[in-house]
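Okay, structure first, notes after.
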Amino acid sequence: MKRFNKSSIALALLLSLPVANIYAALPLTAEESNNLIPYKEISVTGSYLQAQNAADDISKAADEAGAKYYHITGIEQPATGTSTDRAVVYADIYLSNAPIAVSKDEATHNGIVLYPRSKALYYLPFEIVKYKGNYNNTSEIMDSASKLAAEKNAYAFYVYSITADDVKNNEQEIDVALFKKDAPVRDFIISKAIAGQDAYEITSDAFKVMKPYQTIVFHGTFNNTSEISAAAQKYAIANDANFYYVKEVSANRAGTAQTVYVNLYK
């Protein structure tokens with residue numbers, strides 16, 4: 001008679017238990033996802049009667065993409081057919097639970113205010129200066145940029161970009177924007193709120209003359225244009241855009257996912 005040890009019995013019992021969820025990616029509520037920036041959009045196709053039926057498949061796809069969380073945004077089904085028709089379910093996935101923006105006290109360097117990205121995009125700089133130098137870290141770059149801002153009597157500054165110009169000699173090219181205290185608001189953006197925004201929607205007039213560097217597409221179920229704009233802003237931030245414009249929204253059946261086309265601008 002074959003005998004089993006305690007280890008083999010425990011393993012057999014473990015394998016016999018039902019698995020509730022073998023994937024690590026966790027679902028988020030709509031409220032939780034409102035404060036997060038999506039990594040990207042994913043979709044799965046299958047015989048789903050409703051979006052939540054695809055939760056396991058979405059969780060698996062999110063897990064494979066290295067995401068920690070997901071939020072199902074909508075389902076797209078054929079206009080006609082039976083309940084067994086294949087459907088596409090869309091979801092936003094998130095790498096972490098980092099919020100869109102964290103409220104911080106106003107920072108200064110050498111007596112000059114350092115604008116966060118949201119303010120630097122909202123206000124119009126009086127000058128953008130390009131210069132080169134050898135720096136070991138960002139602290140040294142901020143120090144040099146603030147001194148340059150002080151020399152030009154700026155109230156605030158923002159370092160737009162840091163590019164390795166000469167890797168061998170550790171030289172970087174710096175772009176820094178300089179602002180007056182009463183700097184005008186950029187006249188081509190729609191949003192008037194500053195707090196927490198890292199990308200701004202542009203006007204239809206600006207859309208006619210500004211050239212996008214990329215057009216992205218995402219899906220979701222929205223109740224109004226404000227919700228579409230808010231979702232577009234998140235995708236703009238995720239793609240490192242400064243400004244965005246909702247170019248087109250598909251007119252799908254009620255309750256199904258809408259397709260949104262968004263132009264991105266630097």
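Residue numbers count from 1 along this sequence.
No chain of hydrophobic side-chain contacts below 4.5 Å, direct or via other Ile, Leu, Val, Met, Phe, Trp or Tyr residues, connects Val89 to Val260. Phe218 is not connected to Leu95 by any chain of hydrophobic side-chain contacts under 4.5 Å among Ile, Leu, Val, Met, Phe, Trp and Tyr, and they are in different clusters. Cluster annotation: Phe179 is connected to Val113 through the hydrophobic network of ILVMFWY side chains, with a link wherever side-chain heavy atoms come within less than 4.5 Å. Under the 4.5 Å side-chain contact rule for hydrophobic residues, Leu264 and Ile237 do not share a cluster. Linking ILVMFWY residues whenever their side-chain heavy atoms come closer than 4.5 Å, directly or via other members, leaves Tyr245 and Tyr261 in distinct clusters.
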Problem set entry | Stepwise side-chain contact (heavy atoms from CB on, under 4.5 Å) test for Thr259 and Val217 | CA-CA 7 Å; Thr259 304; Val217 181; 3.5 Å; yes
For this session: Starting from the C-alpha separation in whole Å, work towards a yes-or-no answer on side-chain contact (heavy atoms from CB on, under 4.5 Å) for Tyr115 and Tyr123.
Result: CA-CA 10 Å; Tyr115 270 167; Tyr123 292 112; 4.2 Å; yes
For this session: Under the side-chain contact (heavy atoms from CB on, under 4.5 Å) rule, what do Tyr122 and Val185 come out as? Steps first, then yes or no, please.
Result: CA-CA 6 Å; Tyr122 188 76; Val185 175; 3.5 Å; yes
Exercise. Does the pair Tyr70 and Tyr94 meet the rule for a ring-ring contact (aromatic ring centres under 6.0 Å, His included), with working shown?
Worked result: CA-CA 6 Å; Tyr70 68 89; Tyr94 306 84; 9.3 Å; no
For this session: Mind running side-chain contact (heavy atoms from CB on, under 4.5 Å) on Gln233 and Asp198 for me, showing each step along the way?
Result: CA-CA 8 Å; Gln233 185 189 64; Asp198 285 327; over 6 Å; no
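Donor-acceptor pairing under 3.5 Å is recorded for the side chains of Tyr90 and Glu76. Of the N and O atoms on the side chains of Asn263 and Tyr213, not one donor lies less than 3.5 Å from an acceptor on the other residue.
Under a 3.5 Å cut-off, the side chain of Asn224 and the backbone N or O of Ser226 do form a donor-acceptor pair. Formation of a donor-acceptor pair under 3.5 Å by the His71 side chain with backbone atoms of Leu28 is found in this model. Between the side chain of Asn239 and the backbone N or O of Tyr235, at least one donor-acceptor pair lies under 3.5 Å. Judged by distance alone, the side chain of Asp57 and the main-chain N or O of Ala54 form no donor-acceptor pair under 3.5 Å. In this structure, the side chain of Arg186 does not engage the main chain of Leu124 through any donor-acceptor pair within 3.5 Å. Remark: the backbone N or O of Thr29 is paired with a side-chain donor or acceptor of Glu32 at under 3.5 angstrom. Thr108 places no side-chain N or O within 3.5 Å of a backbone atom of Gly111 that could act as its donor or acceptor partner. Not one N or O on the side chain of Ser250 forms a donor-acceptor pair closer than 3.5 Å with the backbone of Gln258.
In this structure, Asp205 and Phe188 have side chains that are not in contact, with every pair of non-hydrogen atoms separated by 4.5 Å or more. Residues Glu201 and Ser191 form no side-chain contact, since every pair of their non-hydrogen atoms from C-beta on lies 4.5 Å or further apart. Contact annotation: the side chain of Asn34 approaches that of Lys234 to within less than 4.5 Å [non-hydrogen atoms, C-beta and beyond].
Interatomic distance, Phe207 CZ to Tyr244 OH, rounded to the nearest 0.5 Å: 14.5 Å. Separation of atoms OG1 (Thr73) and CD1 (Ile42) is listed at 9.5 Å; rounding is to 0.5 Å. Between Asp175 atom CG and Thr163 atom OG1 the span is 6.5 Å, to the nearest 0.5 Å. Taken from OH in Tyr155 to CG in Asp182, the straight-line distance is 10.5 Å, to the nearest 0.5 Å. Rounding to the nearest 0.5 Å gives a distance of 11.5 Å between CD1 of Ile75 and OG of Ser43. Within the model, atoms CZ of Phe222 and OG of Ser229 stand 10.5 Å from one another, a figure rounded to the nearest 0.5 Å.
The two residues Asn134 and Glu140 make their nearest non-hydrogen contact at O-OE1, 4.3 Å. In plain terms, the two heavy atoms of Ala25 and Ser59 that are nearest each other are O-OG, 3.0 Å. For Gly74 against Thr221, the heavy-atom pair with the smallest separation is CA-OG1, 3.7 Å. Across all their heavy atoms, Ala257 and His219 have their closest contact at CB-CB, 4.2 Å. Between Asn242 and Arg117 the shortest heavy-atom distance is OD1-NH2, 3.1 Å.
At most 12 heavy atoms of other shown residues, nucleotides or ligands fall within 6.0 angstrom of atom NZ in Lys247. Within 6.0 Å of NZ in Lys152 there are 12 or fewer heavy atoms belonging to other residues, nucleotides or ligands.
Between Phe243 and Tyr200, the ring planes are tilted. Angles from 30° to 60° get that label.
Residues passing the salt bridge (charged side-chain N to carboxylate O under 4.0 Å, His left out) test with Lys40, sequence neighbours excluded: none. For Tyr158, the ring-ring contact (aromatic ring centres under 6.0 Å, His included) test picks out Tyr160, with sequence neighbours left out.
Between Lys147 and Asp143 there is a salt bridge, since a side-chain N of the basic residue sits under 4.0 Å from a carboxylate O of the acidic one.
Other cluster members for Ile162: Ile112, Leu114, Phe126, Val129, Tyr131, Tyr135, Ile141, Met142, Leu148, Phe157, Val159, Ile174, Val176, Leu178, joined by side-chain heavy-atom distances under 4.5 Å among Ile, Leu, Val, Met, Phe, Trp and Tyr.
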